[in-house]
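The structure under discussion appears below in the form of C-alpha coordinates.
All values below come from the heavy atoms of this structure, side chains included, with hydrogens, waters and symmetry mates left out. Sequential numbering from 1 along the given sequence is applied to the chain's residues.
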Amino acid sequence: GRNQFTRVAVLPGRASGSGLYTLAFSPDGRWLATAGDNGELQLWAIADLIASPAPTTPTALLFYGPGQVGQLTFAHDSHTLAMHMTGTADGNVVVLWDTREATLSDGEGDVLALLTAENGFRAAAFSPTDDLLLTGNSLGQLQLWDTSPLPQNEPIDLGSLAEVHLSSITFMAFAPDGRQFATTDNGGVAHLWQMNSEAEAIQPEDFTFRRLIEGLAIYSEAFSQEGKWVALGLTNGQIQLQPLDYVATLLENACEQAQ
(Lines give C-alpha, C1' and ligand atoms only; values in the text may rest on other atoms or scores of the structure.)
Protein backbone atom coordinates (compact mmCIF):
# COMPACT_ATOMS: atom_id res chain seq x y z
CA GLY A 1 0.00 0.00 0.00
CA ARG A 2 0.91 3.65 -0.12
CA ASN A 3 3.04 5.26 2.54
CA GLN A 4 1.02 7.35 4.95
CA PHE A 5 2.34 10.81 5.77
CA THR A 6 1.27 12.90 8.73
CA ARG A 7 1.60 16.67 8.73
CA VAL A 8 3.75 17.64 11.71
CA ALA A 9 3.87 21.43 11.40
CA VAL A 10 2.44 24.41 9.55
CA LEU A 11 4.71 27.41 9.07
CA PRO A 12 3.19 30.89 9.10
CA GLY A 13 2.44 31.89 5.51
CA ARG A 14 4.11 35.26 5.90
CA ALA A 15 6.81 34.83 8.51
CA SER A 16 8.15 38.24 9.50
CA GLY A 17 5.91 39.85 6.89
CA SER A 18 7.50 38.05 3.96
CA GLY A 19 5.92 35.72 1.44
CA LEU A 20 7.74 32.37 1.54
CA TYR A 21 9.00 31.52 -1.95
CA THR A 22 11.75 28.96 -1.39
CA LEU A 23 12.95 26.41 1.16
CA ALA A 24 15.66 23.82 1.77
CA PHE A 25 16.38 21.11 4.34
CA SER A 26 19.89 20.76 5.75
CA PRO A 27 21.45 17.36 4.92
CA ASP A 28 21.88 16.54 8.62
CA GLY A 29 18.12 16.93 9.16
CA ARG A 30 18.45 19.66 11.79
CA TRP A 31 17.25 22.71 9.88
CA LEU A 32 14.57 23.87 7.50
CA ALA A 33 15.50 27.14 5.81
CA THR A 34 12.80 29.36 4.28
CA ALA A 35 12.98 32.75 2.57
CA GLY A 36 10.93 35.07 0.42
CA ASP A 37 10.58 38.54 -0.99
CA ASN A 38 12.05 40.76 1.73
CA GLY A 39 15.59 39.35 2.01
CA GLU A 40 15.07 37.61 5.34
CA LEU A 41 16.26 34.05 5.91
CA GLN A 42 14.36 31.99 8.47
CA LEU A 43 15.95 28.92 10.04
CA TRP A 44 13.59 26.47 11.76
CA ALA A 45 14.87 23.67 14.01
CA ILE A 46 13.17 20.47 12.83
CA ALA A 47 13.02 19.11 16.40
CA ASP A 48 11.18 22.25 17.51
CA LEU A 49 8.71 21.98 14.63
CA ILE A 50 7.84 18.42 15.64
CA ALA A 51 7.41 19.44 19.28
CA SER A 52 5.41 22.58 18.43
CA PRO A 53 3.44 22.05 15.20
CA ALA A 54 2.20 25.65 14.97
CA PRO A 55 5.29 27.84 15.34
CA THR A 56 4.96 31.62 15.18
CA THR A 57 8.63 32.59 14.96
CA PRO A 58 11.68 30.84 13.47
CA THR A 59 14.59 29.58 15.53
CA ALA A 60 16.83 32.16 13.88
CA LEU A 61 16.11 35.12 11.62
CA LEU A 62 19.04 36.20 9.42
CA PHE A 63 19.10 39.32 7.27
CA TYR A 64 21.62 40.43 4.67
CA GLY A 65 19.64 43.31 3.16
CA PRO A 66 16.54 44.10 1.08
CA GLY A 67 16.01 41.89 -1.94
CA GLN A 68 14.25 38.72 -3.09
CA VAL A 69 15.66 35.29 -2.35
CA GLY A 70 15.63 32.98 -5.35
CA GLN A 71 17.34 29.80 -4.19
CA LEU A 72 18.65 28.22 -0.98
CA THR A 73 21.36 25.54 -1.09
CA PHE A 74 22.98 23.84 1.90
CA ALA A 75 26.50 22.48 1.75
CA HIS A 76 26.63 18.73 2.37
CA ASP A 77 28.11 19.21 5.85
CA SER A 78 25.15 21.51 6.69
CA HIS A 79 27.55 24.18 8.01
CA THR A 80 27.16 26.57 5.07
CA LEU A 81 24.06 27.85 3.32
CA ALA A 82 24.22 29.58 -0.07
CA MET A 83 21.42 32.12 -0.55
CA HIS A 84 20.87 33.53 -4.04
CA MET A 85 19.34 37.01 -4.03
CA THR A 86 18.14 39.44 -6.69
CA GLY A 87 17.48 43.16 -6.45
CA THR A 88 19.98 43.90 -3.67
CA ALA A 89 22.11 47.02 -3.43
CA ASP A 90 24.99 44.86 -4.72
CA GLY A 91 22.98 43.38 -7.61
CA ASN A 92 22.23 39.67 -7.99
CA VAL A 93 24.45 38.02 -5.40
CA VAL A 94 25.11 34.78 -3.52
CA VAL A 95 25.37 35.16 0.25
CA LEU A 96 27.17 32.36 2.13
CA TRP A 97 25.94 31.96 5.72
CA ASP A 98 27.56 30.08 8.59
CA THR A 99 24.72 27.98 10.03
CA ARG A 100 26.57 26.16 12.78
CA GLU A 101 24.88 26.08 16.17
CA ALA A 102 27.35 28.49 17.77
CA THR A 103 26.29 31.30 15.45
CA LEU A 104 22.59 30.68 16.09
CA SER A 105 22.67 30.78 19.87
CA ASP A 106 21.92 34.50 19.90
CA GLY A 107 19.57 34.42 16.92
CA GLU A 108 22.16 35.87 14.57
CA GLY A 109 24.18 34.33 11.77
CA ASP A 110 27.55 35.14 10.30
CA VAL A 111 27.98 36.05 6.64
CA LEU A 112 30.95 33.96 5.54
CA ALA A 113 31.24 35.58 2.13
CA LEU A 114 29.41 37.67 -0.43
CA LEU A 115 29.89 36.48 -4.01
CA THR A 116 29.38 39.10 -6.68
CA ALA A 117 29.85 39.09 -10.45
CA GLU A 118 29.28 41.56 -13.26
CA ASN A 119 26.27 39.63 -14.57
CA GLY A 120 25.00 38.34 -11.21
CA PHE A 121 23.82 34.83 -10.40
CA ARG A 122 20.76 32.64 -10.94
CA ALA A 123 21.70 29.30 -9.34
CA ALA A 124 24.35 27.62 -7.20
CA ALA A 125 25.41 24.08 -6.21
CA PHE A 126 28.04 22.63 -3.86
CA SER A 127 30.20 19.65 -4.82
CA PRO A 128 29.74 16.54 -2.60
CA THR A 129 32.94 17.37 -0.69
CA ASP A 130 31.92 21.05 -0.31
CA ASP A 131 35.26 22.27 -1.69
CA LEU A 132 33.72 23.59 -4.91
CA LEU A 133 30.76 25.87 -5.56
CA LEU A 134 29.28 26.14 -9.04
CA THR A 135 27.27 29.23 -9.95
CA GLY A 136 25.31 30.23 -13.07
CA ASN A 137 23.91 33.55 -14.27
CA SER A 138 21.16 34.97 -16.48
CA LEU A 139 23.43 34.91 -19.57
CA GLY A 140 24.07 31.17 -19.25
CA GLN A 141 27.60 31.62 -17.95
CA LEU A 142 29.00 29.18 -15.38
CA GLN A 143 31.59 30.02 -12.75
CA LEU A 144 33.61 27.76 -10.44
CA TRP A 145 34.65 28.74 -6.90
CA ASP A 146 37.11 27.07 -4.51
CA THR A 147 35.29 27.02 -1.15
CA SER A 148 37.96 25.08 0.75
CA PRO A 149 39.25 28.29 2.46
CA LEU A 150 35.94 28.63 4.33
CA PRO A 151 35.20 29.53 7.07
CA GLN A 152 38.44 31.41 7.82
CA ASN A 153 38.78 32.98 4.35
CA GLU A 154 36.56 33.81 1.40
CA PRO A 155 36.12 31.46 -1.61
CA ILE A 156 38.54 31.78 -4.51
CA ASP A 157 37.14 32.57 -7.96
CA LEU A 158 38.61 29.86 -10.23
CA GLY A 159 37.14 31.37 -13.40
CA SER A 160 34.45 30.64 -15.97
CA LEU A 161 33.66 27.38 -17.74
CA ALA A 162 33.13 27.09 -21.48
CA GLU A 163 30.10 29.14 -22.59
CA VAL A 164 27.68 26.54 -23.95
CA HIS A 165 24.35 27.82 -22.61
CA LEU A 166 22.57 30.58 -24.53
CA SER A 167 19.99 31.56 -21.89
CA SER A 168 19.63 31.91 -18.13
CA ILE A 169 20.79 28.99 -15.97
CA THR A 170 17.82 27.43 -14.15
CA PHE A 171 19.29 24.43 -12.35
CA MET A 172 22.53 22.56 -11.65
CA ALA A 173 23.50 19.44 -9.72
CA PHE A 174 26.67 17.48 -8.94
CA ALA A 175 26.87 13.69 -9.24
CA PRO A 176 27.78 11.88 -5.99
CA ASP A 177 31.39 11.30 -7.08
CA GLY A 178 31.92 15.03 -7.60
CA ARG A 179 33.54 14.47 -10.98
CA GLN A 180 30.41 15.15 -12.97
CA PHE A 181 27.67 17.74 -12.84
CA ALA A 182 24.70 18.74 -14.97
CA THR A 183 23.39 22.19 -15.87
CA THR A 184 20.17 23.36 -17.53
CA ASP A 185 19.06 26.68 -18.96
CA ASN A 186 15.80 28.51 -19.61
CA GLY A 187 15.70 27.18 -23.16
CA GLY A 188 15.44 23.58 -21.97
CA VAL A 189 19.03 22.70 -22.91
CA ALA A 190 21.02 20.56 -20.45
CA HIS A 191 24.70 19.68 -20.46
CA LEU A 192 26.65 17.02 -18.58
CA TRP A 193 30.13 18.06 -17.50
CA GLN A 194 32.95 15.69 -16.60
CA MET A 195 36.27 16.34 -14.87
CA ASN A 196 39.20 14.94 -16.82
CA SER A 197 42.04 15.82 -14.47
CA GLU A 198 43.42 14.11 -11.36
CA ALA A 199 45.21 17.26 -10.21
CA GLU A 200 44.41 18.54 -6.74
CA ALA A 201 44.16 22.13 -8.00
CA ILE A 202 41.02 22.00 -10.14
CA GLN A 203 40.57 24.51 -12.95
CA PRO A 204 37.54 25.21 -15.18
CA GLU A 205 39.37 23.91 -18.25
CA ASP A 206 39.58 20.48 -16.57
CA PHE A 207 35.90 19.91 -17.40
CA THR A 208 34.57 18.72 -20.74
CA PHE A 209 30.89 18.78 -21.67
CA ARG A 210 28.20 17.32 -23.89
CA ARG A 211 24.57 18.23 -24.43
CA LEU A 212 22.44 15.92 -22.30
CA ILE A 213 20.06 13.99 -24.61
CA GLU A 214 19.44 15.87 -27.84
CA GLY A 215 15.87 16.88 -28.63
CA LEU A 216 14.57 16.98 -25.05
CA ALA A 217 13.48 20.22 -23.37
CA ILE A 218 14.93 19.74 -19.86
CA TYR A 219 14.12 21.96 -16.88
CA SER A 220 16.03 20.24 -14.05
CA GLU A 221 18.07 17.17 -13.20
CA ALA A 222 19.03 15.06 -10.19
CA PHE A 223 21.52 12.24 -9.63
CA SER A 224 20.73 9.11 -7.63
CA GLN A 225 22.76 8.69 -4.46
CA GLU A 226 24.60 5.60 -5.69
CA GLY A 227 25.55 7.44 -8.89
CA LYS A 228 23.85 5.06 -11.35
CA TRP A 229 21.00 7.21 -12.63
CA VAL A 230 20.26 10.76 -13.69
CA ALA A 231 16.63 11.93 -13.52
CA LEU A 232 15.58 14.59 -16.02
CA GLY A 233 12.60 16.86 -15.35
CA LEU A 234 11.17 17.86 -18.74
CA THR A 235 9.32 21.06 -19.53
CA ASN A 236 6.25 19.01 -20.57
CA GLY A 237 5.86 17.69 -17.02
CA GLN A 238 7.44 14.28 -17.66
CA ILE A 239 10.36 12.72 -15.78
CA GLN A 240 12.89 10.59 -17.64
CA LEU A 241 15.49 8.27 -16.09
CA GLN A 242 18.77 7.69 -17.91
CA PRO A 243 21.64 5.38 -16.82
CA LEU A 244 24.55 7.65 -15.93
CA ASP A 245 27.04 5.19 -17.46
CA TYR A 246 25.28 5.57 -20.82
CA VAL A 247 25.32 9.35 -20.64
CA ALA A 248 28.97 9.35 -19.53
CA THR A 249 29.87 7.11 -22.48
CA LEU A 250 28.30 9.61 -24.85
CA LEU A 251 30.38 12.34 -23.24
CA GLU A 252 33.63 10.34 -23.49
CA ASN A 253 32.97 9.55 -27.17
CA ALA A 254 32.31 13.21 -27.90
CA CYS A 255 35.57 14.19 -26.19
CA GLU A 256 37.56 11.65 -28.22
CA GLN A 257 36.03 12.91 -31.46
CA ALA A 258 36.91 16.49 -30.54
CA GLN A 259 40.58 15.64 -30.01
Side-chain angles (χ1 to χ4, degrees), residues 1-88 93-114 121-130 133 147 150-151 170-174 176 219-225 231 233 239:
R2 294 184 177 180
N3 293 325
Q4 298 297 313
F5 291 92
T6 302
R7 185 174 64 186
V8 298
V10 179
L11 302 183
R14 294 187 64 82
S16 304
S18 169
L20 301 183
Y21 292 163
T22 184
L23 56 83
F25 285 97
S26 63
D28 63 6
R30 298 183 63 189
W31 302 106
L32 170 62
T34 62
D37 56 8
N38 70 350
E40 291 182 345
L41 170 65
Q42 300 99 34
L43 286 174
W44 309 81
I46 300 297
D48 292 345
L49 292 179
I50 295 175
S52 177
T56 57
T57 57
T59 308
L61 186 62
L62 313 179
F63 185 65
Y64 163 72
Q68 181 169 317
V69 179
Q71 186 188 59
L72 298 172
T73 305
F74 274 97
H76 294 76
D77 65 5
S78 300
H79 294 168
T80 306
L81 174 63
M83 182 174 75
H84 163 248
M85 296 184 67
T86 60
T88 75
V93 301
V94 170
V95 184
L96 297 182
W97 294 97
D98 186 342
T99 59
R100 289 172 296 183
E101 187 173 2
T103 66
L104 300 175
S105 59
D106 57 2
E108 297 181 355
D110 293 332
V111 174
L112 290 174
L114 175 67
F121 302 97
R122 298 296 297 175
F126 286 97
S127 67
T129 52
D130 294 331
L133 178 69
T147 51
L150 293 173
T170 58
F171 200 83
M172 51 183 61
F174 274 89
Y219 181 78
S220 62
E221 63 282 322
F223 293 91
S224 63
Q225 290 298 313
I239 296 176

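With respect to Trp44, the side-chain hydrogen bond (donor to acceptor under 3.5 Å, both in side chains) criterion is satisfied by exactly one of Thr34, Thr57, Thr59: Thr34.
Between Pro27 and His76 the shortest heavy-atom distance is CB-O, 3.6 Å. The two residues Gly39 and Val69 come nearest to each other via the heavy atoms CA-CG2, 4.3 Å. The two residues Asp77 and Asp130 have their closest heavy-atom pair at N-OD2, 2.9 Å. Here the closest non-hydrogen pair linking Tyr219 and Phe171 is O-CB, 3.8 Å. Of all heavy-atom pairs between Thr73 and Ala124, the closest is OG1-O, 3.4 Å. Minimum heavy-atom separation, Phe74 to Ala33: CE1-CB, 3.8 Å.
With rounding to the nearest 0.5 angstrom, the CG atom of Leu62 is 4.5 Å from the CG atom of Leu41. Note that CZ of Phe126 is 6.0 Å distant from OG1 of Thr147, once rounded to the nearest 0.5 Å. Interatomic distance, CD1 of Ile46 versus OG of Ser26, reported as 7.0 Å (0.5 Å rounding). Residue Leu133 holds its CG atom at 9.0 Å from CG of Leu150, rounded to the nearest 0.5 Å. Taken to the nearest 0.5 Å, the CG atom of Leu72 stands 12.0 Å off from the CZ atom of Phe25.
With a 4.5 Å cut-off on side-chain heavy atoms, Ser220 and Thr170 do not count as touching.
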Could you tabulate the donor-acceptor pairs under 3.5 Å formed by side-chain atoms of residues 79-86, not counting sequence neighbours?
residue, atom, partner, partner atom, Å
His84, NE2, Phe121, O, 2.5

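Every ring pair (Phe, Tyr, Trp, His ring centres under 6.0 Å) that Phe174 has, sequence neighbours left out, goes to Phe181.
For the residue pair Trp31 / Ser78, no side-chain donor-acceptor distance below 3.5 Å is found, with atom types taken as modelled.
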